[in-house]
Amino acid sequence: AGPFFPGDFKVRFGAPFDDTTGLRSGWYRIGGVGGFTAQEEDASVLSLAGDATANVLLPAGYRISGTIRADDGTPLPGASVFLCARPGLGSCELAITASDGTYRSAPLDDGAYRIEVDPPSVARATLFGGYYDVSVPEGYTRLPERASRVVVGVGDVAGIDVTLARGLIIAGVVTATDGTTPVVDAYVAACPLVGWDCASSRTGTDGTFLLGPLSAGGWRVSVDAPTPNPAGVLGGWYAAGSGYAATSSAATTIALPDASLGTISVRLPRGVSIRGRVLAAAGGAAVEGASITACPTGAVSGTCGSGMTNAAGDFVTEALAPGDYTVAVRFSRWSPLRLLGGSYWTGATDGTNLSVTELASTTVHLGATDGTLATIRLPRGAVISGRVTASDGTTPLLDVAVTTCPVGGGPCDTAWTDEAGDFTTGTLRPNVRYTLELSPDPDDPARVVGGWYAEGATGNVAALAASDRKST
């Protein structure tokens, strides 16, 4: 193998893919039996300054085999069988069942293996996965703590058969309120009244879904509107009769098993949206890429809706339920436009309809139709830029974290120095005093100590006026 640059290496040997002798793969170990070890952590490190020789005798490994079936005895092709010597530590081997439901593992190291089975994709809504349990005729348990260990070390182990259990299902269709227009790619979930073992699916092109496998008990079905949402429908819950509930408390509990259940129908109502336009306060140019978020006011629970401004600065939020909302506007702090976001507030005296401190906001009421906001104008912010050097004043320092925090509290901002030691913060609110904390890269060979920016007698505070500021 090679050629290699000089350095330290570990050598791994793998049995041929078409090997029929059952040889194991492993690592080279000086002093090991036949120069072999199964564990990488026990492998020898070869320090190469020139050519080297590593001879190894691959030992025989043994296989586990069996058949995976459905509860009616039908063989299951395409099922995944995981053979785990140390579950959870990434030491599992994978075998896939053949057309007759049989599987045969790769050669295994000596040890005790837990066998876990996942049904094939076509059966995952109807069959439970689980583990091999020798104590029951079907060789199956859903509980990992009841799984049996299959010992490998003296020969192949055959007959490790597992018959998977069949679960219950909830089938249904999601439409608009007319009951005929399908809602495509909606996320549907069934969750138990006790516990969090939910089953989920997405609706097909005809709006249908299948949830399972489910255990006996009480279940509630929720639906999230698709993204994108061309029909403008609202998410919610299944309720018998109307087909829709806005809250989980009003949802119908489906008690399984229920032979009379049939196909449930979820009818999602159309929502309303908030529309508006965002411009730059200076010059009135349209602002593209501003993020708009509308959330229910105060302690009212509900779902937030978002939107994004287009090239004309216009936006339309996602579908929302009628009610009262507060609206926030966000714009990239790293944009060269250096515009500030905030909360929608028609009481702003500067005509921006924005509160950059977000201490004030205007409640937007949505009824049966879309609501339109007054034009929002984003004011320009400012940045702090500068250079960070070693104590000699000339050696630039790379990857120093410069964290800017407003005096008195508020969200902080972090920038990093480039190869010239230069940094520029994200957009900040002007007429605010800030502290600058400097945290050097711990791997920097200059071995400098971090600290705070200090300017003359003003201590560690940098005052940002109505324009940008540059400091060293």
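Given the structure is predicted, the values throughout are model-derived calculations rather than measurements.
- One distance of note links OG of Ser242 with CZ of Arg267; it measures 8.5 Å at 0.5 Å rounding.
- Here the straight-line distance linking atom OG1 of Thr414 with atom CZ of Phe423 works out to 11.5 Å at 0.5 Å rounding.
- You'll find the side chain of Ser291 reaches within 4.5 Å of the side chain of Thr293, heavy atoms only.
- For CG of Asp51, the number of neighbouring non-hydrogen atoms (other residues, nucleotides, ligands) closer than 6.0 Å is 12 at most.
- Between the CG atom of Leu83 and the OG atom of Ser105 there is a distance of 5.5 Å, given to the nearest 0.5 Å.
- By the 4.5 Å heavy-atom criterion applied to side chains, Ile274 and Leu320 are counted as neighbours.
- With sequence neighbours left out, Pro322 forms a side-chain contact (heavy atoms from CB on, under 4.5 Å) with no residue at all.
- Atom CG of Asp197 is surrounded by 12 or fewer heavy atoms from other residues, nucleotides or ligands within 6.0 Å.
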Quick one: side chains of residues 217-224, donor-acceptor pairs under 3.5 Å with protein atoms, not counting sequence neighbours, listed by atom name and distance.
residue	atom	partner	partner atom	Å
Trp219	NE1	Ser215	O	2.9
Arg220	NE	Thr253	OG1	3.3

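- Side chain of Ser80 to main chain of Ile96: no donor-acceptor pair is present (N/O by atom type, distance under 3.5 Å, no hydrogens or angles).
- Between the side chains of Thr404 and Asp413, no donor N or O sits under 3.5 Å from an acceptor N or O.
- Contact of the Val173 side chain with the Val266 side chain is not registered, since no non-hydrogen atoms from C-beta on lie closer than 4.5 Å.
- The pair Arg275-Asp314 fails the salt-bridge criterion, with no side-chain N (NZ, NE, NH1 or NH2) lying under 4.0 Å from an Asp/Glu carboxylate O.
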* **side-chain contact (heavy atoms from CB on, under 4.5 Å) evaluation trace for Thr126 with Arg166** => CA-CA 6 Å; Thr126 56; Arg166 186 172 299 273; 3.8 Å; yes
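- By the 4.5 Å heavy-atom criterion applied to side chains, Glu318 and Ser273 are not counted as neighbours.
- Applying the disulfide bond (SG atoms under 2.5 Å apart) test to pairs two or more places apart or on separate chains, none has a residue in residues 36-70.
- Under a 3.5 Å cut-off, the side chain of Thr67 and the backbone N or O of Gly101 do not form any donor-acceptor pair.
- Between the side chain of Thr141 and the backbone N or O of Ala147 there is no donor-acceptor pair closer than 3.5 Å.
- Counting heavy atoms from C-beta outward, Val162 and Tyr131 have side chains that stay 4.5 Å or more apart.
- The aromatic rings of Phe9 and Phe4 sit tilted, their planes meeting at an angle between 30° and 60°.
- Pairs passing the disulfide bond (SG atoms under 2.5 Å apart) check and including a residue from residues 179-263, sequence neighbours excluded, read Cys191-Cys198.
- Shown are Val183, Leu211, Ile170, Thr208; of these, the side chain to side chain contact (heavy atoms under 4.5 Å, CB included) with Val188 is made only by Leu211.
- Residues Arg270 and Leu234 are not in side-chain contact: their nearest non-hydrogen atoms beyond the backbone lie 4.5 Å or more apart.
- Every pair tested for disulfide bond (SG atoms under 2.5 Å apart) that includes a residue from residues 109-155 fails, sequence neighbours excluded, so the list is empty.
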With a 3.5 Å cut-off and sequence neighbours excluded, list the donor-acceptor pairs that the side chains of residues 37-46 form with protein atoms.
residue	atom	partner	partner atom	Å
Thr37	OG1	Gln39	N	3.4
Gln39	OE1	Arg86	NH2	3.4
Ser44	OG	Ile30	N	2.7

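- Using a 4.5 Å cut-off on side-chain heavy atoms (C-beta onward), Thr417 and Asp422 make no contact.
- With hydrogens and angles disregarded, a donor-acceptor distance shorter than 3.5 Å links the side chain of Arg149 to the backbone of Ala112.
- Within the model, atoms CG of Leu168 and CG of Leu261 stand 10.5 Å from one another, a figure rounded to the nearest 0.5 Å.
- A salt bridge is defined here as a Lys NZ or Arg NE, NH1 or NH2 lying under 4.0 Å from an Asp or Glu carboxylate O, and Arg330 with Glu358 meets this definition.
- To the nearest 0.5 Å, atom OG1 of residue Thr53 and atom OH of residue Tyr28 are 8.5 Å apart.
- In this structure, Arg142 is positioned above the aromatic face of Phe128, its NZ or CZ under 6.0 Å from the six-membered ring centre and within 45° of the axis.
- Two residues are said to be in side-chain contact when any heavy atoms from C-beta on lie closer than 4.5 Å; Ile68 and Val81 meet this criterion.
- To the nearest 0.5 Å, atom CH2 of residue Trp237 and atom OG1 of residue Thr252 are 12.0 Å apart.
- With hydrogens and angles ignored, the 3.5 Å screen pairs no side-chain donor or acceptor of Tyr103 with any backbone N or O of Ala79.
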